[in-house]
Amino acid sequence: MNVTRVLRSASLDETHSSPLFPLRYESFLTLALWILLALATSAAVEAQTLTLLSAVSRKDHGSAGTFDMPLSLNQTTNATVEPRSGGPTTILFMFSDDISTVNGTLGSTNFAIANAAFSSATIASNTLTLNLASVSDGSQVMVFLHGITDLASNGFTGTNYVAIRALYGDVNRNGQVNIGDMQVVKNWSGQPLSAANFLCDINLNGNINIGDMQVVKYNLSHTINYVPVVMTLALDHSGSMVGNRGSVLLPAALSSFISFFDDNRDRVAQVSFASTTNVNASMQQPFKSAITNAVNSLTFGGSTYADGGLRLAQIQNQSVSILSGQNVVKAVVFFTDGLPNTIQDTWPINKTYNVGGTDSGNSYAIFSPSTGLQLPNSSTMYSGPRPAYCTTMTNFVSIDGSTQTVGAANFRAEARLRTIAAANSLRSMTNVIYCVGLGGSYLDTALLQIIANDPALLLNPDLASYFNPDQPAGEVVIAATASNLSHALQVIVARILSQ
């Protein structure tokens with residue numbers, strides 16, 4: 001609040017003419033109260049942010065009642081171990097203020113969940129209670145919260161997720177069931193349940209006894225099952241990313257995205273595409289520093305050579321040797337904000353060029369395949385004579401075997417066909433494709449579903465034939481605006497880590 005405005009608008013009594021005391025004593029008090037109110041209101045507005053204060057995993061221990069195990073909200077530490085039967089099935093999130101949701105309805109869309117299934121959720125004042133099902137022992141459950149607001153529709157800031165390792169019998173929570181857990185249960189055996197020992201009631205019968213010791217004995221040497229991830233990020237850095245602020249917000253969103261993967265067990269690469277393609281960070285381990293530097297170094301401009309990006313992603317993923325029988329998740333995260341509009345061809349003059357570059361109209365350009373720079377006077381948007389190399393570029397052979405006339409519309413159609421073919425090739429090598437689309441005039445959600453082999457295709461009779469049940473099924477997540485990119489990528493984190 002503007003204090004100067006308050007001073008000018010306050011009601012002042014000027015009936016006293018004394019130059020030393022022009023105001024009544026009561027008026028000074030009124031003015032002081034106005035100023036204090038203004039400052040307090042301003043401070044309250046500035047401090048009004050909704051945050052996640054704490055979270056717990058709640059279990060019913062029979063006649064002993066319910067006991068809550070605190071969950072870590074520290075993003076730099078390991079996930080909290082839940083050693084009790086069933087893993088984390090009821091999670092309570094406590095916020096700094098009473099909460100609601102963006103659309104007033106709480107449901108599965110407010111959560112992205114890895115290694116568990118949404119069952120139900122409720123809100124009571126500042127507490128959100130989430131019930132989960134299908135939690136597998138030995139898995140890491142992750143829950144991301146989305147669309148949660150306070151009652152004034154302010155979104156919350158800070159940590160929006162919890163990670164819990166379901167490991168039956170690991171009462172000392174060191175990541176492995178061993179003799180140490182047996183000793184802890186033995187020490188508390190026969191004692192009534194309390195805040196100090198409730199985790200030792202592993203089987204939830206309300207008592208610590210031989211039954212709990214048998215659980216530990218049966219699960220000795222049991223640990224978290226971690227399936228390594230081999231992943232390439234294929235990123236659109238075309239010129240349209242500037243106008244929609246994707247160029248500003250994508251780097252931070254992707255840096256957060258890769259933080260959820262393991263630097264020492266996973267392998268990640270980054271490629272990008274615009275008027276040409278680039279390998280920004282080759283497949284490596286550790287990878288976080290390299291990927292963070294690569295995404296922060298992206299420059300944005302040019303057209304959308306999407307099939308080239310997918311083919312580079314295939315090369316990166318296939319560069320990792322996987323032993324026979326080894327369980328590995330192979331994923332490609334394909335990000336774009338528009339349509340494929342550029343192809344690469346070798347023309348009758350025995351030169352390879354990238355051509356296309358527009359989402360509509362009759363104009364197209366010719367680009368250097370090595371630099372991505374537009375060749376001089378190569379576009380119909382420019383006046384003056386076209387260079388000699390253009391005059392021999394009259395036709396090209398489509399991927400479907402037909403001969404097509406050079407032209408912007410045909411380049412766009414061909415770019416679509418080649419992008420689909422590149423995606424089919426990727427999936428034939430057991431790679432799962434996850435597509436993240438940044439909303440805009442030229443974003444084609446149906447095309448992204450075809451690229452990802454998203455089961456959502458089956459819901460549309462016109463697209464159902466594109467779904468290939470013999471290849472890995474991926475998923476499409478749309479970020480309506482660049483500010484939604486982190487949300488979209490967290491959904492993809494949950495899907496990849498659930499494989």
Side-chain angles (χ1 to χ4, degrees), residues 232-242 247 269-283 294 297-319 332 334-359 362-382 386-401 403-426 451:
T232 298
L233 311 177
L235 309 179
D236 180 350
H237 67 113
S238 59
S240 55
M241 286 283 291
V242 176
S247 59
Q270 179 184 305
V271 302
S272 60
F273 57 94
S275 299
T276 189
T277 57
N278 295 282
V279 177
N280 310 125
S282 59
M283 187 65 68
S297 299
L298 282 177
T299 57
F300 295 82
S303 58
T304 312
Y305 178 31
D307 78 282
L310 288 174
R311 285 188 282 109
L312 272 189
Q314 178 172 312
I315 292 171
Q316 291 299 312
N317 271 19
Q318 297 308 117
S319 70
V332 170
F334 177 78
F335 166 80
T336 186
D337 72 332
L339 296 168
N341 59 26
T342 299
I343 66 170
Q344 185 176 98
D345 245 88
T346 300
W347 303 89
I349 52 174
N350 202 30
K351 289 284 188 179
T352 299
Y353 294 116
N354 294 1
V355 293
T358 54
D359 291 326
N362 299 317
S363 298
Y364 67 90
I366 304 174
F367 305 95
S368 164
S370 58
T371 67
L373 295 176
Q374 183 174 316
L375 301 182
N377 298 323
S378 69
S379 170
T380 56
M381 293 182 288
Y382 289 84
R386 293 169 62 77
Y389 59 76
C390 291
T391 60
T392 58
M393 297 169 58
T394 57
N395 299 298
F396 66 93
V397 178
S398 169
I399 196 172
D400 65 11
T403 298
Q404 299 292 325
T405 303
V406 164
N410 284 342
F411 289 146
R412 290 191 290 270
E414 185 66 15
R416 177 186 173 93
L417 290 177
R418 295 189 186 190
T419 300
I420 293 172
N424 289 338
S425 178
L426 253 173
I451 293 170

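- Shown here are the side chain to side chain donor-acceptor pair (under 3.5 Å) partners of Thr336, two or more places apart in sequence or in another chain: Asp236.
- For the pairing with Val271, the side chain to side chain contact (heavy atoms under 4.5 Å, CB included) check across Leu235, Leu233, Leu312, Leu310 returns one residue only, Leu312.
- Under the side chain to side chain contact (heavy atoms under 4.5 Å, CB included) criterion, Ser297 pairs with no residue at all, not counting sequence neighbours.
- In this structure, the side chain of Ser275 engages the main chain of Ser303 through a donor-acceptor pair within 3.5 Å.
- Looking only at side-chain heavy atoms (C-beta outward), Thr277 and Gln344 stay at 4.5 Å or farther from each other.
- For the atom pair CZ (Phe334) and OG1 (Thr419), the distance works out to 6.0 Å, reported to the nearest 0.5 Å.
- Val242 is linked by a side chain to side chain contact (heavy atoms under 4.5 Å, CB included) to Ser247, Phe300, counting only residues two or more places apart in sequence or in another chain.
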Full working for side-chain contact (heavy atoms from CB on, under 4.5 Å) between Ile399 and Glu414: CA-CA 7 Å; Ile399 196 172; Glu414 185 66 15; 3.6 Å; yes
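- Put simply, the side chain of Phe273 reaches to within 4.5 Å of the side chain of Thr304, judged on heavy atoms.
- Scanning for salt bridge (charged side-chain N to carboxylate O under 4.0 Å, His left out) contacts around Asp337 gives an empty result, with sequence neighbours left out.
- Checked against side chain to side chain donor-acceptor pair (under 3.5 Å), Gln404 has the following partners two or more places apart in sequence or in another chain: Ser402.
- With rounding to the nearest 0.5 angstrom, the OG atom of Ser282 is 12.5 Å from the CD1 atom of Ile315.
- Judged by distance alone, the side chains of Thr403 and Asn395 never bring a donor and an acceptor atom under 3.5 Å apart.
- Taking OG1 of Thr232 as the reference point, atom CG of Asn317 lies at 3.5 Å (rounded to 0.5 Å).
- Taking the side chain to side chain contact (heavy atoms under 4.5 Å, CB included) definition, one finds that Asp345 meets it with Ile343, Trp347, Phe396, Arg418, sequence neighbours left out.
- Every residue was checked against the salt bridge (charged side-chain N to carboxylate O under 4.0 Å, His left out) condition with Arg412, not counting sequence neighbours, and none meets it.
- Shown here are the side chain to side chain donor-acceptor pair (under 3.5 Å) partners of Thr371, two or more places apart in sequence or in another chain: Ser368.
- Residue pairs satisfying the salt bridge (charged side-chain N to carboxylate O under 4.0 Å, His left out) criterion with at least one member in residues 297-316, sequence neighbours excluded, are listed as follows: Asp307-Arg311.
- Not a single ring-ring contact (aromatic ring centres under 6.0 Å, His included) links Tyr305 to another residue, sequence neighbours left out.
- For Ser425, the side chain to side chain donor-acceptor pair (under 3.5 Å) criterion is met by Gln314, not counting sequence neighbours.
- Across Met241 and Phe335, no two heavy atoms sit closer than the pair CE-CE2, 3.4 Å.
- For the residue pair Thr346 / Thr352, a side-chain donor-acceptor distance below 3.5 Å is found, with atom types taken as modelled.
- Residues meeting the side chain to side chain contact (heavy atoms under 4.5 Å, CB included) test with Asn278, sequence neighbours left out: His237, Ser272, Thr276, Asn280.
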